[in-house]
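Values reported hereafter were calculated over all heavy atoms of this structure, with side chains retained and with hydrogens, waters and symmetry mates removed. Within every chain, numbering begins at 1; the chains are lettered A, B, ... in the order of the sequence lines, protein sequences first and strands thereafter.
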Amino acid sequence: MNRAFFKQPTLQLARALLGKRIVHEHANGLLSGRIVEVEAYMGPEDRAAHSYGGRRTTRTEVMYGPPGYAYIYLIYGMYHCFNVVSGPIDKPEAILVRAVEPIEGLDLMIQHRFPQKAVQGLTSRTLPHRLKRQLTNGPGKLCRAFDIDHRYYGHDLSQSPLMLEDDLNLLTRDIACGPRINIQYAEDARDYPWRFWIKDHPFVSK
DNA sequence: AGCCCGATTTGA
DNA sequence: CAAATCGGGCTA
């Protein structure tokens with residue numbers, strides 16, 4: 001996707017990201033997947049956002065820049081979460097990618113997510129449907145599968161080796177929305193319907 | 001310097 | 001249902 005794509009208002013961009021393809025040209029092979037679930041974080045007014053109250057630190061800095069860059073952070077000391085920075089300069093908004101449907105590079109994803117099973121001989125050909133779902137149906141899981149971490153903090157998502165591409169064209173009626181996950185601390189913002197997903201899609205988290 | 005906690009995942 | 005695991009953010 002080009003720079004213009006990322007300039008749409010955040011809630012609109014969140015819906016537009018559904019069906020897009022995330023592509024990682026990894027040193028060991030091509031990884032790609034279709035985005036099926038996202039959450040919007042709306043900046044200083046949003047109690048659930050890392051930029052709530054205008055918090056501006058080394059970690060949140062990239063959100064204060066132009067849209068279309070990667071905001072990546074470590075959560076619970078062991079997982080990374082991948083976000084697309086959204087909104088104009090000085091509007092620190094972002095969209096968390098919560099789940100994707102794996103498309104290319106399944107064997108490499110298996111190595112990243114299930115190293116033990118990979119060494120025991122599990123491949124994309126012998127992968128049960130249940131495990132295929134578990135490859136990328138959560139924000140931490142997809143970062144593991146795609147080997148995305150702090151190396152890509154601030155990366156321009158219109159550029160290789162980590163970028164977004166056109167894929168599925170969705171209709172409005174294919175998209176569902178509801179409250180975001182695991183933000184019970186966020187008081188009034190807790191119930192805002194800023195989580196979006198493709199209706200009935202098997203790779204949505206939870 | 002110290003303390004608390006988190007936009008998660010896993011396995012008992 | 002609790003543990004894993006650590007940097008950020010806030011207090012002092």
Side-chain angles (χ1 to χ4, degrees), chain A residues 10-11 13-15 17-18 22 33 35-65 67 69-87 91-100 102 109-120 122 127-128 130-155 157 176-197 202-206:
Chain A
T10 297
L11 295 179
L13 179 60
R15 280 175 282 240
L17 285 174
L18 295 176
I22 175 171
I35 298 175
V36 302
E37 180 185 358
V38 298
E39 282 176 358
Y41 287 85
M42 300 300 288
E45 316 287 300
D46 178 1
R47 295 189 100 91
H50 291 164
S51 53
Y52 174 66
R55 206 158 43 212
R56 185 168 189 161
T57 64
T58 314
R59 182 174 69 144
T60 62
E61 184 60 30
V62 70
M63 287 194 279
Y64 288 81
Y69 291 76
Y71 169 47
I72 291 160
Y73 62 88
L74 184 65
I75 185 73
Y76 298 108
M78 48 175 65
Y79 297 102
H80 292 272
C81 288
F82 169 73
N83 299 248
V84 177
V85 170
S86 179
K91 297 283 187 187
E93 302 168 358
I95 297 157
L96 170 70
V97 177
R98 286 194 57 87
V100 309
M109 292 185 199
I110 290 167
Q111 289 180 38
H112 292 148
R113 278 279 290 139
F114 310 121
Q116 188 61 33
K117 293 188 170 75
V119 92
Q120 290 168 2
L122 179 71
L127 182 69
R130 176 169 154 283
L131 282 184
K132 182 179 176 183
R133 278 189 73 250
Q134 292 180 14
L135 237 26
T136 53
N137 67 338
K141 296 176 188 176
L142 89 254
C143 281
R144 278 279 167 82
F146 277 75
D147 194 22
I148 292 172
D149 61 21
H150 62 277
R151 294 182 316 238
Y152 288 109
Y153 180 95
H155 174 76
L157 294 171
C177 72
R180 294 168 292 179
I181 305 291
N182 283 342
I183 54 153
Q184 45 280 45
Y185 58 87
E187 302 178 26
D188 52 305
R190 201 184 45 200
D191 304 314
Y192 295 170
W194 290 344
R195 168 174 176 244
F196 303 93
W197 65 94
F203 288 85
V204 168
S205 73
K206 222 177 164 210

Please determine if a side-chain N or O atom of A:N182 lies less than 4.0 Å away from the OP1 or OP2 oxygen of B:dT8.
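Answer yes for this pair, as a side-chain N or O of A:N182 is under 4.0 Å from OP1 or OP2.
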
Roughly how many Å is it from [atom1] in [X] to [atom2] in [N], rounded to a whole number?
X      : N     : atom1 : atom2 : value
A:L135 : B:dT9 : CG    : C1'   : 14 Å
A:I75  : B:dT8 : CD1   : P     : 6 Å
A:M63  : B:dA7 : CE    : P     : 11 Å
A:R133 : B:dT9 : CZ    : C1'   : 14 Å
A:Y71  : B:dG6 : OH    : C1'   : 11 Å
A:K206 : B:dT8 : NZ    : C1'   : 13 Å
A:M42  : B:dA7 : CE    : P     : 17 Å
A:N137 : B:dT8 : CG    : C1'   : 12 Å

Give me the residues of residues 183-190 of chain A where at least one heavy atom lies under 4.0 Å from an atom of DNA chain B, by number, or none.
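Of all residues in residues 183-190 of chain A, the ones placing a heavy atom under 4.0 Å from DNA chain B are A:I183, A:Y185.
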
Students often get this wrong, so: under 4.0 angstrom with heavy atoms, is [X] touching a base, only sugar-phosphate, or nothing?
X      : result
A:R98  : sugar-phosphate
A:T60  : sugar-phosphate
A:L96  : base
A:R180 : nothing
A:G77  : base

What closest approach, in Å, do A:L142 and A:A99 show between heavy atoms, and which atom pair accounts for it?
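Looks like CD1-N, 3.9 Å.
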
Heavy-atom pair with the smallest gap, counting every atom of A:F203 and A:V100
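Closest pair (atom of A:F203, atom of A:V100, distance): CB-O, 3.8 Å.
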
Just jot down the side-chain contact (heavy atoms from CB on, under 4.5 Å) partners of [X], sequence neighbours excluded, or say none.
X      : answer
A:Y73  : A:H50, A:R59, A:Y71, A:I75, A:C81, A:N83, A:L96
A:L74  : A:H80
A:R113 : A:Q134, A:L135, A:K141, A:R144, A:A145
A:Q116 : A:V119, A:Q120

Under 3.5 Å for both distances, Watson-Crick or G-U wobble, that's the pair rule; now give the dot-bracket for DNA chain C, with | marking pairs to another strand and [ ] for crossing ones.
||||.||||||.

Results of salt bridge (charged side-chain N to carboxylate O under 4.0 Å, His left out) for [X] - residues two or more places apart only:
X      : answer
A:R98  : A:E37, A:E39
A:E61  : A:R56
A:R55  : none
A:D149 : A:R151

P atom, C:dT5 versus B:dG2: distance in rounded Å?
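C:dT5 and B:dG2 have their P atoms separated by 22 Å.
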
Worked verdict on A:L13 versus A:E93 for side chain to side chain contact (heavy atoms under 4.5 Å, CB included)
CA-CA 11 Å; A:L13 179 60; A:E93 302 168 358; over 6 Å; no

N/O contacts under 3.5 Å, protein versus nucleotides 10-12 of chain B?
from, atom 1, to, atom 2, distance (Å)
B:dT10, OP1, A:R113, NH1, 2.5
B:dT10, OP1, A:R113, NH2, 2.9

When you compare the side chain of A:Y41 with that of A:P92, does any pair of heavy atoms fall below 4.5 Å?
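Counting from C-beta outward, A:P92 and A:Y41 never come under 4.5 Å.
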
Give a yes or no answer on whether the side chain of A:Y153 reaches the backbone of A:V62 with a donor-acceptor pair at less than 3.5 Å.
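Between the backbone of A:V62 and the side chain of A:Y153 there is a qualifying donor-acceptor contact (under 3.5 Å).
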
Contact boundaries on DNA chain C for chain A, cut-off under 4.0 Å to non-hydrogen atoms
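The footprint of chain A covers C:dA4 to C:dC10.
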
Which residue is it: A:V38, A:I181, A:I183? I am looking for the one with a side chain to side chain contact (heavy atoms under 4.5 Å, CB included) to A:R195.
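With A:R195 as partner, side chain to side chain contact (heavy atoms under 4.5 Å, CB included) holds for just one option, A:I181.
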
Which residue, A:R180, A:R190, A:K91, forms the salt bridge (charged side-chain N to carboxylate O under 4.0 Å, His left out) with A:D46?
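That would be A:R180; it is the only one of A:R180, A:R190, A:K91 passing the salt bridge (charged side-chain N to carboxylate O under 4.0 Å, His left out) with A:D46.
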
